[in-house]
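Here the structure is laid out as structure tokens; the discussion comes afterwards.
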Amino acid sequence: MRVNRVQVRKIIEVNDCMQTGYRYACIAPAGKGFFEGFCPYYTPSQMLKMGVFEGKYLNDCRGEFPTEWFKEAKISDVADPALNYFGVKSRQPLSVWQQKGWIYGPDPRGWFQWYCRYFLGRRLPELDAVQIKRWRGFARHAGQIRANCEPGDIFCRRRQRQALLQWSHDPLI
């Protein structure tokens with residue numbers, strides 16, 4: 001079977017509390033073949049290990065993603081800001097994202113779910129372009145940290161730093 005002249009490596013079927021019967025093809029090798037200029041600082045596994053989204057993310061859909069992503073992940077059944085790398089609450093509820101129209105395409109959990117699927121090799125060019133543009137735009141927070149914090153003071157603007165981590169930018173700038 002061929003898709004856009006690229007050999008399909010794997011088909012993933014999703015069945016979790018937010019999505020059932022969704023299938024996608026991984027046509028790029030995991031962690032490779034990223035769009036030019038899209039160079040996330042962390043892998044999804046590294047992000048989960050460092051502590052993102054208060055531990056309350058991907059809890060019911062681990063079967064979709066590689067087991068090794070969760071071996072050292074900071075996961076919880078209830079949101080716990082202490083699990084975040086910077087120990088602060090830094091996310092809005094999914095309902096706010098939905099209300100503001102920040103959820104795109106077949107990824108009901110938002111940008112990080114898109115990134116996880118993209119990392120695995122799913123390619124949806126139009127959606128990928130939108131999400132990569134959002135990722136680039138989020139880098140503005142690094143500029144605010146540089147402008148308002150002393151170099152090396154990782155406790156300055158911890159919420160913004162946590163948010164940068166959750167968008168796979170370097171929060172330790």
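Computed from a predicted model, the values in this text were never measured in an experiment.
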Does either side chain, that of Arg134 or that of Gln131, offer a donor lying less than 3.5 Å from an acceptor on the other one? yes

Please list all pairs meeting side chain to side chain donor-acceptor pair (under 3.5 Å) that have one or both residues in residues 105-116, counting only residues at least two apart or in different chains. Asp16-Arg109, Asp60-Arg109, Asp107-Arg117, Asp107-Arg122, Trp114-Asp128

Pair Cys17, Cys61 - check disulfide bond (SG atoms under 2.5 Å apart), show working. CA-CA 8 Å; Cys17 74; Cys61 59; over 6 Å; no

Can you check whether Gly21's main-chain N or O pairs, donor with acceptor, with Asn15's side chain at less than 3.5 Å? yes

Identify the heavy atoms of Leu165 and Gly51 that sit nearest to each other, and give their distance. CD2-O, 3.7 Å

Give, for atom CD1 of Ile132 and atom CZ of Arg136, the distance between the pair rounded to the nearest 0.5 Å. 6.5 Å

Phe86/Phe155 under side chain to side chain contact (heavy atoms under 4.5 Å, CB included): CA gap, chis, key distance, verdict: CA-CA 8 Å; Phe86 291 95; Phe155 298 105; 6.0 Å; no

Decide side chain to side chain contact (heavy atoms under 4.5 Å, CB included) for Ile173 and Arg146; before the verdict, give the C-alpha distance in whole Å, the side-chain angles of both, and the deciding distance to 0.1 Å. CA-CA 7 Å; Ile173 50 173; Arg146 283 189 199 95; 3.9 Å; yes

Could you check if a side-chain atom of His141 sits within less than 4.5 angstrom of a side-chain atom of Trp167, using non-hydrogen atoms only? no

Passes ring pair (Phe, Tyr, Trp, His ring centres under 6.0 Å), Phe35 versus Tyr118? Steps please. CA-CA 10 Å; Phe35 185 79; Tyr118 186 88; 8.5 Å; no

Tyr41 OH: over 12 foreign heavy atoms closer than 6.0 Å: no

So, for Cys156 and Arg161, which heavy atoms are closest and what is the spacing to 0.1 Å? O-NE, 2.7 Å

Nearest atoms (heavy-atom pairs only) where Asn84 meets Ser90: ND2-OG, 3.9 Å

Counting only heavy atoms not in Asp153, do more than 12 sit closer than 6.0 Å to its CG atom? yes

Trp135 and His169: aromatic ring centres closer than 6.0 Å? yes

Would you say Arg123's side chain and Ala28's backbone share a donor-acceptor pair under 3.5 angstrom? no

Measure the shortest side-chain to side-chain distance between Leu164 and Asp170 over non-hydrogen atoms and say whether it is less than 4.5 angstrom. no

Evaluate Ile75 against Tyr57 for side chain to side chain contact (heavy atoms under 4.5 Å, CB included), listing each step before the verdict. CA-CA 7 Å; Ile75 300 287; Tyr57 204 90; 5.9 Å; no

Between Tyr22 and Glu64, is a side chain to side chain donor-acceptor pair (under 3.5 Å) present by the stated rule, with each step listed? CA-CA 11 Å; Tyr22 174 66; Glu64 178 182 348; over 6 Å; no

For Gln19 and Val14, indicate whether the former's side chain and the latter's backbone hold a donor-acceptor pair under 3.5 Å. no

Taking everything shown except Lys89 itself, do over 12 heavy atoms lie less than 6.0 Å from its NZ? yes

Using a 3.5 Å distance criterion without hydrogens, assess whether the side chain of Ser76 forms a donor-acceptor pair with backbone atoms of Lys56. no

Taking all atoms of both residues into account, what is the closest heavy-atom pair of Gly55 and Leu83, and its distance? CA-CD1, 4.0 Å

CD (Gln99) with more than 12 external heavy atoms under 6.0 Å: no

Quick one, Phe53 and Gln166 - any side-chain contact, counting heavy atoms below 4.5 Å? yes

Closest non-hydrogen atoms of Tyr42 and Gln46, given as atom of the first, atom of the second and distance, are CA-OE1, 3.3 Å

Can you give me the closest heavy-atom contact between Pro106 and Leu124, atom names plus distance? CG-CD1, 3.9 Å

Please step through side chain to side chain contact (heavy atoms under 4.5 Å, CB included) for the pair Val96 and Lys100, ending with a clear verdict. CA-CA 6 Å; Val96 171; Lys100 293 192 180 260; 3.8 Å; yes

Can you tell if the side chain of Tyr24 reaches within under 4.5 Å of the side chain of Leu120, non-hydrogen atoms only? yes

Has the side chain of Gln162 got a donor or acceptor atom that lies under 3.5 Å from a matching backbone atom of Tyr85? yes

Do any side-chain atoms of residues 65-74 form donor-acceptor pairs under 3.5 angstrom with protein atoms, and if so which ones, sequence neighbours left out?
from  : atom 1 : to    : atom 2 : distance (Å)
Glu72 : OE1    : Lys49 : NZ     : 3.4

